[in-house]
Visitor: 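To start, I am sharing the structure in question, which I have written as structure tokens.
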Amino acid sequence: MNAAARSETRRTLTYREAIREALREALSNDPRVFLMGEDVGRYGGCYAVSKGLLAEFGEARVRDTPLSESAFVGAGIGAALGGMRPIVEVMTVNFSLLCIDQIVNNAATIRHMSGGQFSVPIVIRMATGAGRQLAAQHSHSLENWYAHVPGLRVVAPATLADARGMLGAALADPDPVVIVEHVMLYNMQGELDAEPAAVDIDHAAIRRPGRDVTLVTYGGSLPKTLAAAETLANQEIDAEVVDLRTLRPLDESTILESVQRTRRVVIVDEGWRSGSLSAEIAARIMEHGFYDLDAPVKRVCSAEVPIPYAQHLEAAALPQPEQIVAAAKGLFGHG
Amino acid sequence: MNAAARSETRRTLTYREAIREALREALSNDPRVFLMGEDVGRYGGCYAVSKGLLAEFGEARVRDTPLSESAFVGAGIGAALGGMRPIVEVMTVNFSLLCIDQIVNNAATIRHMSGGQFSVPIVIRMATGAGRQLAAQHSHSLENWYAHVPGLRVVAPATLADARGMLGAALADPDPVVIVEHVMLYNMQGELDAEPAAVDIDHAAIRRPGRDVTLVTYGGSLPKTLAAAETLANQEIDAEVVDLRTLRPLDESTILESVQRTRRVVIVDEGWRSGSLSAEIAARIMEHGFYDLDAPVKRVCSAEVPIPYAQHLEAAALPQPEQIVAAAKGLFGHG
Amino acid sequence: MSTKIAGTTREHALELLRDMLRIRRFEEKCAELYSATKIRGFLHLYIGQEAIAAGVMRALEPRDAVVATYREHGHALARGIPMATVMAEMYGKAEGCCRGRGGSMHIFDAATRFYGGNAIVAGALPLAVGLALAEKLRSRNAVTACFFGEGAVAEGEFHESLNLAALWKLPVLFLCENNLYAMGTALARSESETHIARKAQSYNLPAATIDGMDVLAVEAAAAAAVEAIRGDGGPRFLEFATYRFRPHSMFDAELYRDKAEVEEWKKRGPIVTFVAKLKETGLLRDADLASIEAEVEREIAAAVEFAENGTWEPLGDLSRDVYTREMA
Amino acid sequence: MSTKIAGTTREHALELLRDMLRIRRFEEKCAELYSATKIRGFLHLYIGQEAIAAGVMRALEPRDAVVATYREHGHALARGIPMATVMAEMYGKAEGCCRGRGGSMHIFDAATRFYGGNAIVAGALPLAVGLALAEKLRSRNAVTACFFGEGAVAEGEFHESLNLAALWKLPVLFLCENNLYAMGTALARSESETHIARKAQSYNLPAATIDGMDVLAVEAAAAAAVEAIRGDGGPRFLEFATYRFRPHSMFDAELYRDKAEVEEWKKRGPIVTFVAKLKETGLLRDADLASIEAEVEREIAAAVEFAENGTWEPLGDLSRDVYTREMA
Ligand SMILES: Cc1ncc(C[n+]2csc(CCOP(=O)(O)OP(=O)(O)O)c2C)c(N)n1
Ligand SMILES: Cc1ncc(C[n+]2csc(CCOP(=O)(O)OP(=O)(O)O)c2C)c(N)n1
Ligand SMILES: [Mg+2]
Ligand SMILES: [Mg+2]
């Protein structure tokens, strides 16, 4: 289908629906694929992503699990070793702490430990992030931990096209892929082609080209960062927005090339500042882009507090467009 | 006792023995203190740290636990809430992935979630690091993950004095403290005063003053870094070695002041490079020391591979003095 | 017409009824306030299960400790945390029992030894074991009551905690509220052995199944278990057969169960059956009920007013209480 | 004098004996090589438990899968992984079955469906459940044999895995080698219920306890369990009563058990008792034993030679096999 035909058939849908479509496609096209996790079946998924899939594909392929994160993620790893292509949904990154051992010590290591004899083609999806007033135990953004682990690939769809396309790319990858879906994105609406193009999971994307400053971000912070870029545009600052897309391995080149053009950087990351992914990006720019910089890289991250319930406190704890704007403008004091 | 009297009674002991002394002191001085963990009693501790303490303090206070990391670490948190001062030994940071949920979602959050009503005065000790050919599942350096979490304090004794002193300081802290002990340090020998001075757990320490370059490190990498500094000294480069000591909260001032003096930095960290603590330190220097730098900060970290068993491969995967030397010398190419 | 049911005085019976009604009406108000966006985040209602919190708390003393889940309003109220500060907490106000930091899922109260409101399924079981260990080491002869849903039974922490409590003979009272569903997952889809008390027994732990819709049965079983724990210091386990009348949270479309099933269970509801029984035995007159309802209504109105009048904590205090000692 | 023991031919009996002796002598050599620092890291010897690996593997077919722990040399050899590549692995040589990446604790072999060597206690149980799920979904009627120590029983993953396997009726054969100690922790200090098979039954899983010192009993029980699994597709659980004759690893001072206890168990050792039984029944002559020993010795010598002659993987390949597709 050519581009014209494609655009004729564009339709509006949500990020949630885009993922559901991707799941449906995967289940339809490959008998080795199955979906498993807590409440993915009868309940329809804790964020309603998999609604309807049980009826469509049956119990064998859309599997409700007991509350046993370690066992069912580990079982996904085992099933992948056994020739299947499991998609395991861990409701949220918060609960993934109960199975992080399986992901780090099994999924990520088995290929290496076995001297290359076995690969682990599992896809693990999880919701991440704050913003829904779910308080300290339900608001983590710990994808940076997965992005620290050799053997894993970590991707964070921030657009409809990526929500639609990354799952297929992840399934095509012979190694474990963690997909983090920000909770504030599920209701995001947009347009997609009827038969969307494949996406890669190797490269960052420039979501808004600009000359004056590079705003690096990913996932749930992308909309905030784009909003900040618009505000900056009104103030004569032309911001380039880089969406990392893949958190491991990082697409350093795209970042560094942007830095070479703009010479100024703000990193926006919903993780707690200390030890967040933003730190790694700042370090990479330090190492490979130091002489390109006109000013030190700034970071806009979450405050270092367990995320509080109260709305105003939660909002104050998370990165907001105003802070991004202020940080970017601050870069023009020096330089 | 004055300094002179103290030094008269200096004696030789190992890092392991220094920790054992600290445990003995804590158990002797405070009836609320108890030690619990896998094989801390009859076996004497997987690294023989607690050998003899069961006989000395009895089963109620030196408690062998079943293999149930989540339950006994969570029980430590509960006991702390209930008025005790538990010291929980998780054999190694590798197994701590099985209880990281308890540490992150309970220990670190309860004070905040309860609006300040409850503190969690627990001390969690764990061995960390590689170097003993224990392969991919037993060689992690994941202390950076704990150092990412608000509500926790994380300390890494790298000297005998700190091995001896940090436990007491951690117990005096009303909040959860994670102590990471590098496996390659247990056999390290040195001298200590008979009645060693208290140590703080707030500040980094300069282990070797120098003018030309700052080498920032902690824990098991300190000996390697000091060795590198000696080599550099022979090559007319006078390196200052900063031992972080406390990984959270970071003592930024000590680092930045050193950077102001030397204008060059190498960070040495056994974590996998991407997302390691070294990234955060580089980011902090970027943010607050950018204009003090004569060259970009360099990092010497572990290779991004699951740590392999074979000796030569393991050695190649970990930071070594030669790499530190090379990195430091590389900083004098620019500038 | 007797004035007692199985050893219960009229006064006591009315107290139990009032305890249950307080929870029921409070939560009905919460649902309203949620629609009005006064309360946000996740809201898990306890409606249908009130007999359990009401009955168990009567069996506990102030020295005892309580640990609960995200579905803990009922436990908080029955334990005696002032309704006003619970409501203010749900509003996120500084006057809330946790100064708005915790919200609905994280009610804590030092005065009543209420150690939360925990939102990780099974995550509080190890805490309860530890609290009980502290009591044992301090020779305090206090019980730690640990509430959780049957969904938690599949989690590894359930297993590890029961074993540790039984192995070390710790004074924990495990209280499993088996409402047959964990979100949308029916018990038979999550457990190979659906008889939860039998599972508990496999740890060499005395365990029994109780009708969780019968507040008197709950109270009696809890009292006996508490007495047994105080006697030998070892753990006990009670499974309560119950049902949640409302959706799991405010986001649940309830695709997984029949309306008819819900209606059937509602007929067995803890309040409706207790009211019927009390009326039948003459312990309760219509006027009593009206006066309890009125009293509860006043308390709720006052709680809402308190919450409405509450203040927002200043943003400058955001980092407060991350650590006990202020960081440099 | 009969030429059979309970249906076992002489040939078969000698094979079992040889399987056990291969493991025993191999590991004795490993201990030597450890002292000589040819083998490094952790080394966990299986000596005393050989009947279990030897007996169970005879009951499996090539299509079946095997999952084990860090104490897995015996399983690897009995499963048929060439001794030479196992030895080379322990040397860390490129010719090792895992190219020196795994070492003693992480033997893997695709050809025999041997999925490791896992060093996280209980960490491989979920993998076994998943392998079995794959078999079921692919309708392959293959069994996944999952070996672990009794120490794993206390871990949450044991609980979660048994429940999942039983709930979903997956073809897993759980094989618990109860050698009474987890490092220095005696079973009674780690389990409130020390009867492991009974614990397994609480998941509605057929389970039995077998004398793990009797290779014929092991083989018979495993064969029956495998047959049962092939019949109904559901899991089975076998607990083997056994004992580890050596320290936990090469670092263990064995402070936690009496020498006398060890000696007592050694008398019941799987090889010494089997040899005695075979001699008694006339199935084994001294010459047979000598010839088996000689054969095993030759194999070990060849394995050591292979390992000695092996090469070190080039440092430039350090990052190989972190990912399947090479990263940009
Ligand atoms: C470890 C973990 N996994 C998943 C969730 C999401 N979740 C919240 S409540 C719940 C169901 C729990 O059911 P049950 O224990 O029966 O308690 P109930 O809600 O019925 O009171 C789930 C799956 C969670 N909070 N924690
Ligand atoms: C999760 C975890 N905790 C602790 C350890 C350290 N450790 C290694 S083996 C072992 C004992 C295991 O005993 P058991 O399961 O009985 O097996 P055995 O060694 O007796 O064969 C322990 C505690 C580990 N490897 N993994
Ligand atoms: Mg339930
Ligand atoms: Mg054992």
Side-chain angles (χ1 to χ4, degrees), chain B residues 37-48 50-52 54-55 59 63-72 74 91-92 94-99 101-102 130-140 183 186 272 302-318, chain D residues 37 39-42 70 89-94 96 98-106 117-123 149 151-158 181-187 189-192 248-249 251-257 312-322 327:
Chain B
E38 290 160 11
D39 287 308
V40 295
R42 278 158 198 81
Y43 194 90
C46 65
Y47 284 104
S50 52
K51 204 160 150 181
L54 171 63
E59 291 197 354
R63 309 183 70 91
D64 278 326
T65 66
L67 274 151
S68 307
E69 286 77 4
S70 212
F72 71 76
M91 285 184 170
T92 74
N94 312 288
F95 317 142
S96 82
L97 298 186
L98 292 166
C99 54
D101 165 68
Q102 284 296 330
R132 306 187 68 227
Q133 289 188 251
L134 303 185
Q137 295 182 331
H138 274 55
S139 300
H140 295 304
V183 291
Y186 285 122
W272 292 306
S302 281
E304 310 226 15
V305 298
I307 305 299
Y309 161 70
Q311 189 167 29
H312 66 301
L313 296 174
E314 182 187 46
L318 304 179
Chain D
T37 75
I39 299 175
R40 310 293 296 270
F42 281 156
Y70 49 87
E89 184 60 31
M90 297 173 64
Y91 268 67
K93 294 291 178 82
C98 302
R99 296 206 344 277
R101 304 297 169 130
S104 160
M105 302 202 288
H106 304 296
N118 200 301
I120 304 296
V121 171
V153 173
E155 289 280 8
E157 289 189 319
F158 170 89
Y181 293 91
M183 287 184 62
T185 301
L187 180 57
R189 298 191 178 279
S190 83
E191 288 297 331
S192 63
H248 167 74
S249 71
F251 295 101
D252 173 6
E254 290 189 90
L255 305 171
Y256 50 84
R257 63 182 188 183
W312 302 113
E313 200 175 7
L315 291 184
D317 281 356
L318 176 62
S319 299
R320 204 177 131 179
D321 289 327
V322 180
M327 291 289 153

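So that the names make sense, note that chain A is the first sequence line, chain B the second, and so on, each numbered from 1. These numbers were taken from a predicted model, which means no experiment stands behind them.
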Visitor: To check you understand the geometry: which heavy-atom pair defines the closest contact between B:Leu313 and D:Pro314, and what is its length?
Guide: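 Minimum heavy-atom separation between B:Leu313 and D:Pro314: CD2-O, 4.3 Å.
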Visitor: Pick one of side chain, backbone, both or neither for D:Asp252, based on which atoms fall under 4.5 Å of a heavy atom in chain B.
Guide: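 For D:Asp252, heavy atoms of backbone and side chain both lie under 4.5 Å from chain B.
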Visitor: What part of D:Asn118 is in contact with chain B, defined as an atom under 4.5 angstrom from a non-hydrogen atom: side chain, backbone, both or neither?
Guide: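 Both parts, backbone and side chain.
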Visitor: Using every non-hydrogen atom in the two residues, find where D:Ala154 and B:Ser68 come nearest and quote the distance to one decimal.
Guide: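 Scanning both residues completely, I find the closest heavy atoms to be O-OG, 3.2 Å.
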Visitor: Between B:Ala136, B:Cys46, B:Pro66, B:Ala48, which has the largest tally of heavy atom pairs under 4.5 Å with chain D?
Guide: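 Most heavy-atom pairs under 4.5 Å with chain D: B:Pro66.
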Visitor: Taking side chain as everything from C-beta outward and backbone as N, CA, C, O, which of these in D:Met183 sits under 4.5 Å from a heavy atom of chain B? Side chain, backbone, both or neither.
Guide: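 Contact with chain B: backbone and side chain both.
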Visitor: Charged N to carboxylate O under 4.0 angstrom, D:Arg189 versus B:Glu59?
Guide: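 The answer is yes: the pair qualifies as a salt bridge.
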Visitor: Relative to chain D, which segment of B:His312 carries a heavy atom at a distance below 4.5 Å: side chain, backbone, both, or neither?
Guide: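 Contact with chain D is through both the backbone and side chain of B:His312.
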Visitor: Quick one: do D:Tyr256 and D:Tyr181 satisfy ring-ring contact (aromatic ring centres under 6.0 Å, His included)? Show the steps, please.
Guide: CA-CA 9 Å; D:Tyr256 50 84; D:Tyr181 293 91; 5.4 Å; yes
Visitor: Give the minimum heavy-atom separation between B:Ala310 and B:Gln133, together with the two atoms involved.
Guide: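 Heavy atoms only, the tightest pair is C-NE2, 3.9 Å.
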Visitor: Please rank D:Glu155, D:Arg101, D:Glu89, D:Arg99 by heavy-atom pairs under 4.5 Å with chain B and give me the top one.
Guide: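 Highest number of heavy-atom pairs under 4.5 Å: D:Glu155.
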Visitor: Is B:Leu98 in contact with chain D via its backbone, its side chain, both, or neither, using a 4.5 Å heavy-atom distance?
Guide: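 Side chain only.
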Visitor: For B:Ser302 and B:Leu318, work out which heavy atoms get closest and say how close.
Guide: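 Smallest interatomic distance, heavy atoms only, reads OG-CD2, 3.5 Å.
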Visitor: Looking at D:Phe251, I'd like to know if the NZ or CZ of B:Arg132 sits under 6.0 Å from its six-membered ring centre while staying within 45 degrees of the ring's axis.
Guide: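 Yes, B:Arg132 and D:Phe251 form such a contact.
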Visitor: Between B:Ala303 and chain D, which part of the residue has a heavy atom less than 4.5 Å away: side chain, backbone, both or neither?
Guide: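 The side chain, not the backbone.
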Visitor: Name the region of B:Glu304, side chain, backbone, both or neither, that has any atom closer than 4.5 Å to a heavy atom of chain D.
Guide: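 For B:Glu304, the contact with chain D is made by the backbone alone.
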